[in-house]
Amino acid sequence: MDYNFKEIEKKWQDIWEKECRFEVKNHEPGKKNCYVLIEFPYPSGKGLHTGHVRSYSALDAVARKKRLEGYNVLFPMGCDSFGLEAERTAIKEHKLPQEIVERNIKVFKEQLKKVGLSIDWSREISTCDPSYYKWTQWQFIQFFKHGLAEKKETLINWCPNCGVLANEEVEDGKCCQCHAETVQKTKAQWVLKMTKYADRLADDLVLTDYMEHIKTSQINWIGRSQGEVVKFKIREGGEFEIFTTCIETIYGITFMVLAPEHELIEKLKDKITNYDEVLRYINETKKKSEFERSELSKGKEGVQLKGLMAINPANGKEVPIFIGDFVLASYGSGAVMAVPSHDQRDYDFAKEHGLEYIQVIDGEGCSSDCAYEKTSYLGKGAKLINSQEFSGLTVEEAKVKIAEKLEKMGVAHKQTNFKMRDWVFSRQRYWGEPIPMVYCETCGWVPVPDDQLPVVLPNVESYEPTKDGESPLSAIPEFVNTTCPHCGKPAKRETDTMPGWAGSSWYFMRYCDPRNDKEFASQDALKAWLPVDIYNGGNEHTTRHLLYARFWNKFLYDIGLSPVLEPFKTRISQGIVLGSNGVKMSKSLGNVVDPREVAEQYGTDALRVWEAFMGDYFQSVNWNDDGAKSCNKFLNRVYDMQEFLVEGEEYSKELSYHIHSAIKKVTSDIDNVKFNTAISALMILVNEIYKVKRINKAEYKTLLLLLNPFAPHITEEIWSVQKFEPALKNATWPKYDESKLVQDSVEIAVQINSKIVGRVVIPTNISNEEIEKLAKESLREKFEGKNIVKTIIIPNRIINFIAK
RNA sequence: GCGGGUGUGGCGGAAUGGCAGACGCACAGGACUUAAAAUCCUGAGGAGGCAACUCCGUGUGGGUUCAAGUCCCACCACCCGCACCA
């Protein structure tokens with residue numbers, strides 16, 4: 001008969017809760033601390049889905065194993081509750097975001113508890129709780145006091161009817177709600193100067209054990225490049241700067257391109273003979289987002305600034321100037337030199353506009369339909385041509401010499417540029433932390449004093465985005481009007497709120513000391529837990545959230561409030577769970593699987609085991625309805641094994657090898673986040689036990705402990721029913737003995753000229769000569785007439801004879 | 001476009017450069033049963049063959065190597081991110 005998972009799972013969840021089993025102190029004598037962290041969820045109305053269960057139960061397995069290994073484990077949970085989605089739902093349902101969030105958190109928590117996660121609920125936090133965001137605000141003020149927060153003009157999406165829009169709300173240049181055309185406008189916004197930390201954010205990755213692709217993503221997002229800033233004079237007066245990493249191609253310049261926003265255009269408008277055309281192009285550009293502008297297909301568009309010519313400082317040559325929207329004002333100096341022979345985008349642009357090509361690097365790569373780019377010529381000893389005194393030098397020599405010449409002339413200097421930009425920290429939205437600043441005519445921007453924090457988000461009647469582009473808070477005079485904390489004169493509060501990223505940039509610190517009302521967390525608590533040992537989250541957060549959190553921590557480190565340079569030792573990302581049809585689960589496609597239904601049918605343990613087993617943790621995987629069923633079957637086999645149980649405190653001869661290899665495999669697989677093969681190893685062990693139809697106490701206990709991280713309810717139930725000692729919560733993770741993994745004999749494959757000709761069973765302790773002899777003897781007929789010239793032996797696997 | 005990934009049976013997936021397809025699903029056969037379900041046991045990449053066995057097989061095309069799913073080069077397809085969704 002099937003085991004009664006409903007009863008068992010409820011029973012143990014109640015016991016864990018009653019015992020406060022997973023509540024943890026910051027210090028536990030004789031135990032090392034281990035911090036297992038999973039990104040806290042956004043409490044959307046959709047509730048928990050199978051993707052959540054996959055990562056939560058996986059990290060729960062890690063936490064449970066660490067506990068059994070004797071660690072003092074912090075495995076906390078909370079909610080990232082501010083943000084646009086709650087606001088939208090609230091608007092739709094005519095409720096307050098506060099209510100929506102409260103309701104969703106309740107559902108979430110209930111669902112999480114049913115998954116049987118070993119969470120310390122006493123440390124639960126929510127970013128929209130004033131006792132939490134008080135400290136988010138306090139930290140913002142520290143950024144301000146250290147000159148890292150300032151108001152600055154930035155680009156926003158603007159809809160004439162709806163005001164400021166998020167990128168997400170713009171579809172093909174139109175507002176997603178009213179379908180009016182949107183434009184890009186500038187607006188003064190709070191900005192955190194993250195670029196000041198760009199170098200360190202890139203360099204300090206060596207201090208972490210992040211997965212390699214995550215480090216690469218971070219480095220590419222930061223996008224550090226070293227190059228030269230070169231000053232170009234304009235024949236008609238004035239000058240501008242460009243940034244290039246390919247100074248070696250400067251003699252190949254045949255035109256220049258400025259960003260349409262470049263200040264020079266306004267300055268020299270009287271000298272531009274086709275100013276009307278230029279203006280039209282600039283207005284067209286304003287309708288495009290930066291993302292659209294950087295697409296290559298649009299890179300050929302541009303308009304010449306007729307009447308102007310730029311002068312190449314290297315050789316005095318005059319070249320035409322264009323504006324093109326593929327040049328972004330936000331990167332470098334908003335202007336580029338164009339070398340069509342050696343850059344594909346310049347090449348296409350030149351072709352479109354009938355411009356000249358000058359090849360300056362010698363090689364075969366330059367052809368009639370593509371440029372000879374640096375990826376093809378760098379590091380290959382290519383030489384310069386058509387470059388005056390530099391012709392004949394290698395690219396690497398020329399880079400240095402040309403830069404030297406221009407620097408001596410006073411028209412160039414070295415510069416490091418970053419793709420990464422400062423963090424725009426303002427939102428003209430209601431549902432976020434109010435930015436705790438006051439503007440005074442006399443004193444300028446003044447932070448709200450500590451004793452007046454938090455600046456509480458007021459309850460309002462209308463919190464929809466405003467049409468004038470200001471935050472809904474600006475319509476509340478009681479909120480806006482205040483006095484200057486500095487001089488006491490009437491002043492106005494900042495009405496922008498913070499982005500959702502704010503609260504999530506330091507929540508892992510708050511978990512260390514969640515109820516502290518004197519500071520965001522005590523240094524003692526932070527030292528006890530940081531850095532986080534293993535941090536899991538979605539792939540979509542491996543660039544931005546991770547950078548923001550690392551930046552935030554580095555700043556706190558610099559002002560003495562974080563004990564670590566890097567907050568996360570390792571970072572991993574789970575693959576998403578797709579619908580059974582291979583596409584993302586969504587309500588409209590009807591392929592959403594509710595974990596509650598699965599648990600109802602096959603049990604939470606089966607669901608957890610299946611989510612661990614269904615595939616490589618890092619890869620996306622298609623949901624399969626039969627999976628949980630098969631895992632329920634597996635758990636039943638483990639349960640039914642009680643009938644085979646015999647006395648015995650040591651592993652039996654028949655099972656010893658299988659037990660030791662399972663311990664080894666499961667232990668290393670959990671450490672290496674390979675849950676699927678850990679489950680597979682357990683299945684193999686269970687199959688072996690069914691072959692002998694006998695299991696003793698020692699063996700059963702080991703099996704249950706290995707399975708416990710994945711299926712905590714059933715294992716604890718069997719353990720307690722069988723009255724195994726000590727109680728499972730006090731048991732220790734089993735150890736394997738390498739010497740028990742050595743088998744007496746092994747079957748190896750025999751190859752002649754790399755083709756398998758047969759197999760032979762050999763003792764494991766014999767010499768290579770003996771292996772050769774045995775292989776030849778057992779497959780004598782295959783060797784007839786063969787002249788063996790070489791033998792390759794791969795221990796316990798293959799012997800390969802090379803014959804002539 | 002830029003950046004990060006992925007591609008293996010009917011399906012989910014395994015495989016430190018060393019016997020491809022572990023483990024599981026679905027499938028087939030057997031045991032148990034009046035019968036079915038459940039359970040237990042066995043089989044199975046494809047093609048050919050009564051069989052022993054042979055040939056073909058890890059997105060495509062090349063290459064390195066005694067040996068390639070794995071390393072290198074070129075290509076194709078798909079997924080994720082791209083700064084006001086978080």
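We name chains A, B, ... by the order of the sequence lines, and we start the count at 1 in each one.
Counting only N and O atoms by type, the side chains of S471(A) and D496(A) include no donor and acceptor under 3.5 Å apart. The closest side-chain donor-acceptor pair between Q184(A) and N157(A) falls under 3.5 angstrom.
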Nucleotide by nucleotide, nucleotides 12-22 of chain B touches protein heavy atoms under 4.0 Å in the pattern (B base, S sugar-phosphate only, - none) BSSS--BB--B
Represent RNA chain B in dot-bracket notation, 5' to 3'. Only Watson-Crick or G-U wobble pairs with both distances under 3.5 Å count; pseudoknot-style crossings use [ ] and interstrand partners use |. (((((((..(((.....[....))).(((((.......))))).((((....))))..(((((..]....))))))))))))....
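Annotation: side chain of L37(A) is in contact with side chain of Y507(A) (closest heavy-atom distance under 4.5 Å). Using a 4.5 Å heavy-atom cutoff, the side chains of N676(A) and M614(A) are not in contact. Using a 4.5 Å heavy-atom threshold, the side chains of R759(A) and V750(A) count as separate.
W423(A) comes within 4.0 angstrom of no nucleic acid atom, judged by non-hydrogen atoms across all strands. Within the nucleic acid shown, K419(A) comes within 4.0 Å of at least one base atom, counting heavy atoms only. At a threshold of 4.0 angstrom between heavy atoms, the contacts of S504(A) with the nucleic acid are absent. Counting non-hydrogen atoms under 4.0 angstrom, H545(A) reaches nothing in the nucleic acid.
Between the CD1 atom of I679(A) and the CZ atom of F634(A) there is a distance of 6.5 Å, given to the nearest 0.5 Å.
Atoms CG (N632(A)) and C1' (A38(B)) sit 12 Å apart, rounded to a whole Å.
One cannot find a donor-acceptor pair under 3.5 Å joining the base of C84(B) and the side-chain atoms of E169(A).
Residue K633(A) places none of its side-chain N or O atoms closer than 4.0 Å to OP1 or OP2 of G24(B). Phosphate proximity of C2(B) to N220(A): absent, as no side-chain N or O sits under 4.0 Å from OP1 or OP2.
Note: Y535(A) and F508(A) fail the aromatic proximity criterion, with ring centroids not under 6.0 Å apart.
Residues in residues 680-693 of chain A take part in these salt bridge (Lys or Arg N to Asp or Glu O under 4.0 Å) pairs, two or more places apart or across chains: E688(A)-K691(A).
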